[in-house]
Q: 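Let me give you the structure first, and then I'll get to my questions.
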Amino acid sequence: MKLFSILLASLLNVTSASAQDWRTASRDSAGLAPDPHKEKEAAVQVYAARTFAWRGYFSVHSWIATKEKNATEYTTYHVIGWRVNRGLEAVVIQHDIPDRYWYGAKPELLEDLRGEAAEKAIPQIDKLAKHYAYKNVYRAYPGPNSNTFISHIIRNVDELKVELPSNAIGKDWINQGDLVGWSESGTGVQVSLWGLLGFTVGLNEGVELNLLGLNFGIDFLRPALKLPLVGRVGMKDKAF
């Protein structure tokens with residue numbers, strides 16, 4: 001009954017967001033990021049929010065925001081699919097509000113690095129984003145898409161230990177379509193056939209099974225179920 005209630009609440013939230021016009025949907029700050037005029041340390045934050053319109057029933061959109069030491073503004077990194085249809089690069093790197101609502105959907109803060117760890121991660125994130133192999137390619141399903149991009153950065157920046165939610169379709173496309181790789185957190189291994197079929201076993205991830213891009217799993221370290229559509233049900237996730 002509790003699981004059904006969570007699923008229903010999740011779908012109602014998505015329905016509410018989907019009913020909005022993208023031109024008037026909120027793009028305001030969610031108040032999750034520190035004020036760059038007050039926070040002097042470097043910061044790296046990973047976010048995810050339900051995608052806009054009908055896609056929000058199935059998946060989230062993820063992005064990374066960074067702020068260098070003593071900087072007074074944030075740089076955001078993400079992939080936007082419609083840009084490819086207009087002949088533009090999918091990767092967007094710009095100074096922006098780090099914790100914007102994603103067209104009406106409130107973001108969730110997945111990881112928050114500060115200080116020396118963030119300082120070390122920022123140049124790596126920037127380099128990976130600028131040399132991303134799929135900057136001119138976008139496939140909503142099964143990838144490479146916006147979640148593939150953020151997953152690729154997480155996998156290749158040692159300081160980032162987060163894992164994307166189970167409803168982040170595209171996250172299981174490993175690097176450049178590799179069959180085997182380290183899990184996102186770097187605490188396990190993953191086998192994936194172009195994001196369509198595979199499994200992950202890791203200390204942070206627990207056990208995940210990917211069937212046609214839909215993820216089912218169990219986190220044993222912080223007990224929770226991982227489900228498609230809904231995401232995580234149980235204890236809040238935390239980088240190990």
Side-chain angles (χ1 to χ4, degrees), residues 32 42-49 59-66 77-79 107-129 132 142-195 197-211 213-228 230-240:
L32 300 174
V44 173
Q45 296 187 310
V46 183
Y47 291 97
S59 186
V60 297
H61 171 82
S62 55
W63 67 94
I64 291 177
T66 69
Y77 299 82
H78 57 167
V79 155
E108 178 185 1
L109 177 60
L110 303 178
E111 186 168 19
D112 188 0
L113 287 182
R114 304 288 179 92
E116 291 184 8
E119 287 183 52
K120 291 176 64 177
I122 289 172
Q124 299 176 69
I125 291 168
D126 190 69
K127 181 178 180 180
L128 286 164
Y132 182 54
N145 59 24
S146 61
N147 295 319
T148 309
F149 171 66
I150 297 302
S151 180
H152 175 66
I153 292 176
I154 291 170
R155 292 174 193 276
N156 292 282
V157 176
D158 291 340
E159 289 73 23
L160 294 175
K161 302 297 184 183
V162 69
E163 53 179 295
L164 293 182
S166 57
N167 55 347
I169 291 177
K171 74 182 183 67
D172 295 312
W173 185 288
I174 304 176
N175 294 321
Q176 295 186 45
D178 299 344
L179 178 63
V180 181
W182 295 111
S183 64
E184 288 178 326
S185 70
T187 64
V189 295
Q190 182 173 6
V191 176
S192 180
L193 186 62
W194 299 304
L197 184 67
F199 65 89
T200 304
V201 178
L203 180 62
N204 261 20
E205 289 84 2
V207 177
E208 287 187 18
L209 179 63
N210 172 19
L211 297 173
L214 301 178
N215 273 266
F216 304 82
I218 300 176
D219 185 341
F220 299 100
L221 191 63
R222 296 159 298 270
L225 292 176
K226 299 178 174 183
L227 302 170
V230 178
R232 187 181 183 91
V233 180
M235 290 185 65
K236 185 175 175 60
D237 198 12
K238 185 178 181 181
F240 180 72

Q: Within the side chain of S151, is there an N or O that forms a donor-acceptor pair under 3.5 Å with the backbone of T148?
A: no

Q: Is there a side-chain contact between F216 and P228 (heavy atoms, below 4.5 Å)?
A: yes

Q: Taking all atoms of both residues into account, what is the closest heavy-atom pair of N204 and R222, and its distance?
A: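 Minimum heavy-atom separation between N204 and R222: O-NH2, 3.2 Å.
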
Q: Work out which heavy atom in G181 is nearest to a heavy atom in I174; give both atom names and the distance.
A: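 G181 and I174 have their closest heavy atoms at N-CD1, 4.0 Å.
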
Q: Not counting sequence neighbours, list each pair that qualifies as a salt bridge (charged side-chain N to carboxylate O under 4.0 Å, His left out) and has a residue in residues 167-177.
A: K171-E208

Q: I need the minimum non-hydrogen distance between L32 and P107, along with the two atoms involved.
A: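 Scanning both residues, the minimum pair turns out to be CD1-O, 3.4 Å.
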
Q: Identify, with sequence neighbours excluded, every residue that meets salt bridge (charged side-chain N to carboxylate O under 4.0 Å, His left out) alongside D112.
A: R114

Q: Looking only at non-hydrogen atoms, find the nearest pair between F220 and G206 and report the distance.
A: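 Smallest heavy-atom distance, with atoms named: CD1-CA, 4.3 Å.
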
Q: Is there a side chain to side chain contact (heavy atoms under 4.5 Å, CB included) between D237 and L110 once you walk through the steps?
A: CA-CA 8 Å; D237 198 12; L110 303 178; over 6 Å; no

Q: Which residues satisfy the side chain to side chain donor-acceptor pair (under 3.5 Å) test with S185, sequence neighbours excluded?
A: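 If we apply the side chain to side chain donor-acceptor pair (under 3.5 Å) test to S185, skipping adjacent residues, the hits are T187, E205.
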
Q: For E119, check salt bridge (charged side-chain N to carboxylate O under 4.0 Å, His left out) against everything at least two apart and list the hits.
A: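 None.
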
Q: What residues form a ring-ring contact (aromatic ring centres under 6.0 Å, His included) with Y47, not counting sequence neighbours?
A: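 Listed in chain order: W63.
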
Q: So do the side chains of K127 and I153 get within less than 4.5 Å of each other, counting heavy atoms only?
A: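 Sidechains of I153 and K127: no contact.
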
Q: Heavy atoms only: give me the nearest L128-N156 pair and the separation to one decimal.
A: CD1-CB, 3.7 Å

Q: Could you tell me whether the side chain of L113 reaches within less than 4.5 Å of the side chain of L160, counting heavy atoms only?
A: yes

Q: Checking side chain to side chain contact (heavy atoms under 4.5 Å, CB included) for the pair E111/K161: CA distance, chi angles, key distance, verdict?
A: CA-CA 8 Å; E111 186 168 19; K161 302 297 184 183; 4.1 Å; yes

Q: Should N147 and S59 count as side-chain neighbours, where that means a heavy-atom distance under 4.5 Å?
A: yes

Q: Which distance, rounded to the nearest 0.5 Å, do you find between the CG of L164 and the CD1 of I169?
A: 12.5 Å

Q: Could you tell me if the side chain of K226 sits less than 4.5 Å from the side chain of N215, heavy atoms only?
A: no

Q: Excluding sequence neighbours, so at least two apart, what forms side chain to side chain contact (heavy atoms under 4.5 Å, CB included) with V191?
A: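 Testing V191 for side chain to side chain contact (heavy atoms under 4.5 Å, CB included), a comparison that skips the adjacent residues, returns L179, V180, F199.
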
Q: Residues two or more places apart in sequence or in another chain: which of them pass side chain to side chain contact (heavy atoms under 4.5 Å, CB included) with S146?
A: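 In terms of side chain to side chain contact (heavy atoms under 4.5 Å, CB included), with neighbours along the sequence ignored, S146 is linked to H61, V79.
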
Q: Under a 4.5 Å cut-off applied to non-hydrogen side-chain atoms, are V207 and T200 in contact?
A: no

Q: How long is the gap from CG on D126 to OH on Y77, to the nearest 0.5 Å?
A: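 It comes to 3.5 Å.
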
Q: What's the separation between atom NE2 in H78 and atom CZ in F149, rounded to the nearest 0.5 Å?
A: 9.0 Å

Q: For D158, what residues pass the salt bridge (charged side-chain N to carboxylate O under 4.0 Å, His left out) criterion, not counting sequence neighbours?
A: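 None.
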
Q: Measure the shortest side-chain to side-chain distance between N210 and L197 over non-hydrogen atoms and say whether it is less than 4.5 angstrom.
A: no

Q: Just to verify, which of L227, D219, L225 counts as forming a side chain to side chain contact (heavy atoms under 4.5 Å, CB included) with R232?
A: D219

Q: Quick one: list whatever passes salt bridge (charged side-chain N to carboxylate O under 4.0 Å, His left out) with K120, sequence neighbours left out.
A: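 Per chain and number, K120 pairs via salt bridge (charged side-chain N to carboxylate O under 4.0 Å, His left out) with E159.
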
Q: Show the nearest heavy-atom pair for residues H152 and N175, with the distance to one decimal.
A: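 Looks like ND1-OD1, 2.9 Å.
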
